[in-house]
There are 2 protein chains.
Amino acid sequence: MALRHAVLAALLDGDLSGYQLAKEFDLGVANFWHAQPQQLYAELTRLEKNGLIAGREVIQETRPNKRLFQVTDAGLAELEEFTAASAKPSFIRDDLLVKVQAADHVDTEALIAQLSERATFAQAKVDLFGKLLRSMRQDRTEEEFLRHGDRIGPYLTCLRGLAFEQGNRDWCEHAITVLRERQQAHVRH
Amino acid sequence: MALRHAVLAALLDGDLSGYQLAKEFDLGVANFWHAQPQQLYAELTRLEKNGLIAGREVIQETRPNKRLFQVTDAGLAELEEFTAASAKPSFIRDDLLVKVQAADHVDTEALIAQLSERATFAQAKVDLFGKLLRSMRQDRTEEEFLRHGDRIGPYLTCLRGLAFEQGNRDWCEHAITVLRERQQAHVRH
DNA sequence: CCGCTCATGTAACAGGTTACATGATTTA
DNA sequence: TAAATCATGTAACCTGTTACATGAGCGG
């Protein structure tokens, strides 16, 4: 099971409801995992049944009631075991790269449109991750924070997310430049 | 369907058998997709049934016979349509990042072991992609090749793969350094 | 003769996505 | 009063992984 451990890791920084967790999976957690809300509700139910998390009902007056979950000792042990086991390498799996692979056989304009859409999206994530990093380290420098901060896990994963999206953006822009130049060279013939 | 288009894109550079395709998916194609051989055989069958690829039996004397597949006009049209449709953004989904997220709650030594294993793996991929790029551009410079080469799609995706693995390697090494330094700071107390 | 490469699959299962469903409250 | 947010799920379907199965030739 895969999502299982991502959820446990996400719950380490405070008790969350399914709804809040879903939000997390769209923001911070998106650096290392992604999941639909439906998947999360199902996984939370399973984790609680297995005793890896404990839920408690929170009665709200103005909002619907919710259930907050926290990682149990058994959950921590599970994470520990998971960390010790060797991870299989992860692969890129991206529709956009498939399209670029076919570059010389498909419409260039359509491809450029896709690339610039992605570049914009990547830049937005770069901005977001930058903000998240700043809010985590507060007034400290990055070096200072990484040396003495007491919760560096999320910071490190956010750094990877940032670099990944910068890589996406730069690569998209480079590919666009290359395709445009070839277009012009072709026109001159 | 997702694998579908990855297979079509991979077959653009020459007719391949299921077996050869599986090899491709472990090397070059690994820049943008990954798949088990079983999945590929199943997908090839489906694609042929839908008329997007055409297979022909090749009788071999010393080896078992094989079926080579090539993309049909309908297959090219499908790729064209796929390229024009907007791609949903891709996400990182990586066990290793989940482990790092939990960094402050799990055994540091185990984590460092995972990180250095991954760094080694990433470096191997960097070397491999470097070789692939050189063999694609032959004696030309990268700029020259990208301007005038007649098949730049695979080159561009390989560049992304290269940058991605460099990013992985650098990030792993950085994380290891940070964790080691904190370990020592902790010991001094 | 043992293990690797070539060559192709089936079957069972685990994991992930999409569509559908409900209902209250707050904000524009 | 319409749309967004809070809050939680079920069901059907599609995709991907793991285990199993077969068989010939080649290299050490």
Side-chain angles (χ1 to χ4, degrees), chain A residues 1-8 15-27 29-30 32-50 53 55-69 82 85 87-95 98, chain B residues 1-8 15-27 29-30 32-50 53 55-69 82 85 87-95 98:
Chain A
M1 214 163 306
L3 176 60
R4 185 179 205 78
H5 302 104
V7 169
L8 285 174
D15 303 0
L16 298 172
S17 67
Y19 188 82
Q20 292 171 306
L21 192 61
K23 294 263 145 146
E24 277 291 301
F25 268 75
D26 262 1
L27 293 175
V29 180
F32 61 92
W33 211 269
H34 175 258
Q36 260 42 65
Q38 297 90 329
Q39 234 183 313
L40 295 174
Y41 283 115
E43 193 62 48
L44 285 171
T45 306
R46 226 172 301 151
L47 279 165
E48 196 185 22
K49 200 154 54 187
N50 297 168
I53 59 174
R56 62 200 159 85
E57 186 91 15
V58 174
I59 284 98
Q60 301 185 118
E61 278 150 33
T62 63
R63 303 250 162 235
N65 297 344
K66 61 182 173 182
R67 279 155 50 70
L68 291 186
F69 296 94
F82 168 70
K88 36 195 154 173
S90 76
F91 299 98
I92 289 186
R93 185 173 285 193
D94 189 339
D95 280 356
V98 174
Chain B
M1 211 163 307
L3 177 60
R4 187 180 204 73
H5 302 105
V7 169
L8 286 173
D15 304 359
L16 297 172
S17 67
Y19 187 82
Q20 291 170 309
L21 192 61
K23 294 264 144 144
E24 278 291 299
F25 268 74
D26 263 1
L27 292 176
V29 180
F32 60 93
W33 212 267
H34 174 256
Q36 258 44 64
Q38 296 90 328
Q39 234 183 313
L40 295 174
Y41 284 115
E43 193 60 48
L44 285 171
T45 306
R46 226 173 301 150
L47 279 165
E48 195 185 22
K49 199 153 54 187
N50 297 166
I53 59 173
R56 62 198 158 85
E57 185 93 15
V58 174
I59 284 99
Q60 300 185 119
E61 278 150 33
T62 63
R63 303 248 162 240
N65 296 343
K66 61 182 174 182
R67 279 156 50 72
L68 291 186
F69 295 92
F82 168 69
K88 38 196 152 173
S90 75
F91 299 98
I92 287 186
R93 183 172 285 192
D94 189 339
D95 280 355
V98 173

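By convention in this document, chain letters (A, B, ...) are assigned in the order of the sequence lines, proteins followed by strands, and residues within each chain are numbered from 1.
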Can you name the residues that form a side-chain hydrogen bond (donor to acceptor under 3.5 Å, both in side chains) with [X], not counting sequence neighbours?
X	answer
N50(A)	R4(A)
Q38(A)	none
R93(A)	none
Q20(B)	S17(B)

Next item on the list: Mind checking ring pair (Phe, Tyr, Trp, His ring centres under 6.0 Å) for F91(B) and listing every partner two or more places apart, or none if nothing turns up?
Entry: H34(A)

Check: What residues, two or more places apart in sequence or in another chain, satisfy ring pair (Phe, Tyr, Trp, His ring centres under 6.0 Å) together with F82(B)?
Finding: H5(B)

Item checked: Flag, side chain of E43(A) to backbone of V7(A), donor-acceptor distance under 3.5 Å -> no

Please give me the minimum heavy-atom distance between [X] and [Y], naming the atom from each residue.
X	Y	value
W33(B)	A6(B)	CG-CB, 3.8 Å
Y41(B)	Y19(B)	OH-N, 3.3 Å
L40(B)	A35(B)	CD2-CB, 4.0 Å

Checklist line | Span of DNA chain D, from the first to the last nucleotide whose atoms fall under 4.0 Å of chain B heavy atoms | finding: dT15(D) to dC26(D)

Notebook entry, point to check: Do any side-chain nitrogens or oxygens of K88(B) fall under 4.0 Å of OP1 or OP2 in dT18(C)?
Noted result: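 Answer is yes, contact under 4.0 Å.
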
Check: OP1, OP2 of dA7(C) versus side-chain N and O of Q60(B): anything below 4.0 Å?
Finding: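 Result: yes.
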
Item checked: Along DNA chain C (nearest heavy atom to each residue), the more 5'-positioned of G18(B) and W33(A) -> G18(B)

Checklist line | 5'-most by nearest nucleotide on DNA chain C - R46(A) or N65(B) | finding: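 Final value for this comparison: N65(B).
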
Can you check the [X] [atom1] to [N] [atom2] distance for me, whole Å?
X	N	atom1	atom2	answer
R4(A)	dA14(C)	CZ	P	12 Å
Q36(A)	dT17(C)	CD	C1'	6 Å
D26(B)	dT5(C)	CG	C1'	14 Å
R93(A)	dG15(C)	CZ	P	15 Å
F25(A)	dG16(C)	CZ	P	10 Å
D95(B)	dG15(C)	CG	P	11 Å

Item checked: Terminal axes of the helix from dC1(C)-dG28(D) to dA28(C)-dT1(D) (five pairs each): angle between them, nearest 10 degrees ->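 Axis angle across the helix from dC1(C)-dG28(D) to dA28(C)-dT1(D), nearest 10°: 40°.
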
Checklist line | Option from I92(B), D95(B), D94(B) for which side chain to side chain contact (heavy atoms under 4.5 Å, CB included) with S90(A) holds | finding: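 The side chain to side chain contact (heavy atoms under 4.5 Å, CB included) with S90(A) is passed solely by D94(B) among I92(B), D95(B), D94(B).
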
Item checked: Any side-chain heavy-atom pair of L8(B) and F69(B) under 4.5 Å -> no

Item checked: Set of residues satisfying salt bridge (charged side-chain N to carboxylate O under 4.0 Å, His left out) with respect to D15(A), sequence neighbours excluded -> R56(A)

Under 3.5 Å, sequence neighbours excluded: what are the donor-acceptor pairs made by side chains of residues 58-66 of chain A?
unit_1: Q60(A); atom_1: NE2; unit_2: P64(A); atom_2: O; d: 2.7
unit_1: N65(A); atom_1: OD1; unit_2: Q60(A); atom_2: N; d: 2.8

Do any N or O atoms of the protein come closer than 3.5 Å to N or O atoms of nucleotides 1-4 of chain C, and which pairs are they?
none

Check: Reading nucleotides 22-28 of chain C from the 5' end, what letters show protein touch, with B for base, S for backbone sugar-phosphate only, - for no heavy atom under 4.0 Å?
Finding: -B-SS--

